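Worth saying up front: this structure is predicted, and the values here are computed from it rather than measured. Chain identifiers are assigned alphabetically (A, B, ...) following the order of the sequence lines, protein sequences preceding nucleic acid strands; residue numbering begins at 1 within each chain.
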Protein chains: 2
Amino acid sequence: MHQVHPALRQPVTAADRVLQEIQRAIVEGDIAAGSKISEPELARRFDLSRAPLREALARLERCHLIERIPNAGARVVKLSVAGLLALYQLRENLEGLACKLAAEQMSDTEIAEVRQLLDQHLSSQRVREGESYYQEAGDLDFHYRIILGSKNSYLINILCDELYYLVRMYRVQLGMNGPRVSRAFDEHKAIINAIANRDGELADLLMRRHIAASRRNIELKLQQMGS
Amino acid sequence: MHQVHPALRQPVTAADRVLQEIQRAIVEGDIAAGSKISEPELARRFDLSRAPLREALARLERCHLIERIPNAGARVVKLSVAGLLALYQLRENLEGLACKLAAEQMSDTEIAEVRQLLDQHLSSQRVREGESYYQEAGDLDFHYRIILGSKNSYLINILCDELYYLVRMYRVQLGMNGPRVSRAFDEHKAIINAIANRDGELADLLMRRHIAASRRNIELKLQQMGS
DNA sequence: CGCCCATAGATTGTCGACAATTTACGCCTA
DNA sequence: TAGGCGTAAATTGTCGACAATCTATGGGCG
């Protein structure tokens with residue numbers, strides 16, 4: 001039996017469970033962005049001691065959802081245009097690389113499975129027109145598959161474990177909707193086609209554009225909010 | 001007063017201190033690659049309780065120096081050709097990006113400081129011909145400056161906090177020496193020149209080649225050892 | 001003889017309390 | 001009234017002990 005990647009490992013310890021709960025709470029804005037994290041309060045709220053809670057906080061810091069200062073506590077990260085640009089700058093590059101590697105590394109069956117996934121999304125999208133949650137989940141699922149397809153464990157770790165929660169936080173709290181939703185499907189299709197043709201260079205380019213378009217969408221929302 | 005980057009923050013807590021000690025021990029092979037980490041043993045050895053030690057272990061996992069399995073403990077990472085390739089594949093891309101950004105973001109004074117640093121290295125190299133430790137430290141210093149020059153905090157975090165200890169581990173344990181040492185200086189010079197000319201594309205290319213050359217050097221060593 | 005299972009030992013995960021540090025408040029002073 | 005200082009409260013960091021889980025050894029069974 002081969003070891004599954006930590007990113008999709010199910011929680012076994014109390015720290016794992018509380019981590020997932022707090023992650024969800026922060027990503028969905030249930031715990032407000034910029035607010036202070038109180039260890040005693042969270043410990044009471046989730047009914048466990050501070051030891052596993054602190055373990056969870058360490059991992060939250062790892063995925064950039066909180067910022068800790070020694071002896072002074074932790075704060076939930078604040079969303080900003082500058083932060084979004086820095087994050088997506090990196091994402092464009094890394095997921096572009098993931099595409100290039102996936103074009104070399106993914107097996108034909110893996111590629112077929114991703115195509116099947118896209119067809120599945122397309123049909124469910126026709127039914128639930130404009131339903132942004134499914135789009136969100138479907139988009140993530142697509143990106144995950146490509147990233148895993150790169151077969152580079154360090155790259156997988158950075159994207160799936162360390163950056164994606166923050167990406168989701170921007171997307172959930174600032175919303176992705178409008179005409180982007182339907183276009184994203186076409187872009188996904190073009191990307192997997194390039195990978196199927198083993199054209200890593202093109203897949204890289206298309207993924208960068210895909211992510212840049214997504215960034216502009218959120219950037220606009222952020223600026224609208226700011227004004 | 002603005003906040004310094006965590007990468008060069010000095011230790012304030014016991015967990016910070018023991019982290020640095022264990023990091024050094026693993027990187028330099030003082031704690032053997034592939035060996036099991038025993039929490040009680042390390043706690044005795046560094047004369048502290050398991051709480052700060054576990055905090056340190058969490059961060060060691062973050063920079064890929066150990067691998068943990070829930071309820072089963074931690075092992076020091078094993079060096080391998082496959083791991084080296086995956087790591088350097090990522091490094092080429094990320095430091096290439098850092099160069100591109102540095103060409104846009106670094107101030108003229110920052111660039112001048114890096115040039116001064118290189119001159120300094122060159123003169124000290126002439127005196128200590130072939131001294132690999134200084135080369136090692138100097139090379140790291142150069143790369144750090146470029147990375148910090150990118151001004152992208154996520155990129156800085158990944159390279160300086162999460163990947164560089166492992167890079168150093170490969171370099172220290174498998175050694176960088178021979179003709180590479182003197183060539184690296186010239187390559188550094190060419191890279192900072194490209195950045196000074198605000199030619200991000202060239203700086204990117206040169207850095208990728210620089211890192212690829214370094215990889216081949218270590219790869220050779222690893223294969224010699226394996227046979 | 002090899003494989004499986006049970007038990008004993010050791011290790012990791014979790015808990016509650018104490019120590020060290022930071023933050024908040026009130027007081028004094030200029 | 002604004003600012004600085006000292007104390008008190010709260011928070012974080014650390015400790016030692018207990019509970020849950022895994023590993024290893026030995027015995028039984030096919």
Seminar exercise, completed: Of all heavy-atom pairs linking B/Ala98 and B/Ile147, the shortest is CB-CA, 4.2 Å
For this session: Send over the distance from A/Arg54 CZ to C/dC15 P, rounded to a whole Å.
Result: 14 Å
Exercise. Which nucleotides of nucleotides 17-22 of chain D have their base under 4.0 Å from a protein heavy atom (B), which only their sugar-phosphate (S), and which neither (-), written as one string 5' to 3'?
Worked result: B---SS
For this session: Could you state the atom-to-atom distance from CG of A/Leu48 to P of C/dG16 in whole Å?
Result: 10 Å
Exercise. Looking only at atom types and distance, does a side-chain atom of B/Gln20 sit under 3.5 Å from a main-chain N or O of B/Arg17, one as donor and one as acceptor?
Worked result: no
For this session: Spell out, as yes or no, whether a donor-acceptor pair under 3.5 Å connects the side chain of B/Asp204 to the backbone of B/Cys99.
Result: no
Problem set entry | Euclidean distance, atom CD1 of residue A/Ile66 to atom C1' of D/dT12 [Å, nearest integer] | 13 Å
For this session: May I ask you to decide if A/Leu84's main-chain N or O and A/Tyr170's side chain share a donor-acceptor pair within less than 3.5 Å?
Result: yes
Exercise. Base, sugar-phosphate alone, or nothing: which one does B/Ile37 contact when heavy atoms must sit under 4.0 Å apart?
Worked result: sugar-phosphate
Exercise. Rounded to whole angstrom units, what separation is found between the CD atom of B/Glu55 and the C1' atom of D/dG13?
Worked result: 9 Å
Problem set entry | Donor on one side chain, acceptor on other, B/His188 and B/His121, under 3.5 Å | no
For this session: Go through C/dT14, C/dT11, D/dT11 for me and flag the one nearest to the A/Lys36 side chain.
Result: D/dT11
For this session: Would you mind telling me which of C/dT14, D/dC15, C/dG13 lies closest to the side-chain atoms of A/Ala15?
Result: C/dT14
Exercise. Near DNA chain C, which residues from residues 39-47 of chain B have a heavy atom under 4.0 Å away?
Worked result: B/Glu39, B/Pro40
Seminar exercise, completed: B/Ile69 CD1 to C/dT11 C1', in whole Å, measures 14 Å
For this session: Have a look at B/Ala51 and say if it touches a base, only the backbone sugar-phosphate, or nothing, with a 4.0 Å heavy-atom cut-off.
Result: base
Exercise. Under 4.0 Å: is that the gap between some side-chain N or O of B/Thr13 and OP1 or OP2 of D/dT14?
Worked result: yes
Seminar exercise, completed: To the nearest angstrom, the CG-C1' distance between B/Leu53 and C/dT12 comes to 12 Å
For this session: Check whether NZ of the Lys or CZ of the Arg A/Arg168 lies under 6.0 Å from the centre of the six-membered ring of A/Tyr165 and within 45 degrees of that ring's axis.
Result: no
Exercise. Which residues satisfy the side chain to side chain contact (heavy atoms under 4.5 Å, CB included) test with B/Ala112, sequence neighbours excluded?
Worked result: none
For this session: Find out whether the Lys NZ or Arg CZ of B/Arg145 is both under 6.0 angstrom from the six-membered ring centre of B/Phe142 and within 45° of the ring's axis.
Result: no
Exercise. Are the side chain of A/Arg75 and the backbone N or O of A/Gly34 linked by a donor-acceptor pair below 3.5 Å?
Worked result: yes
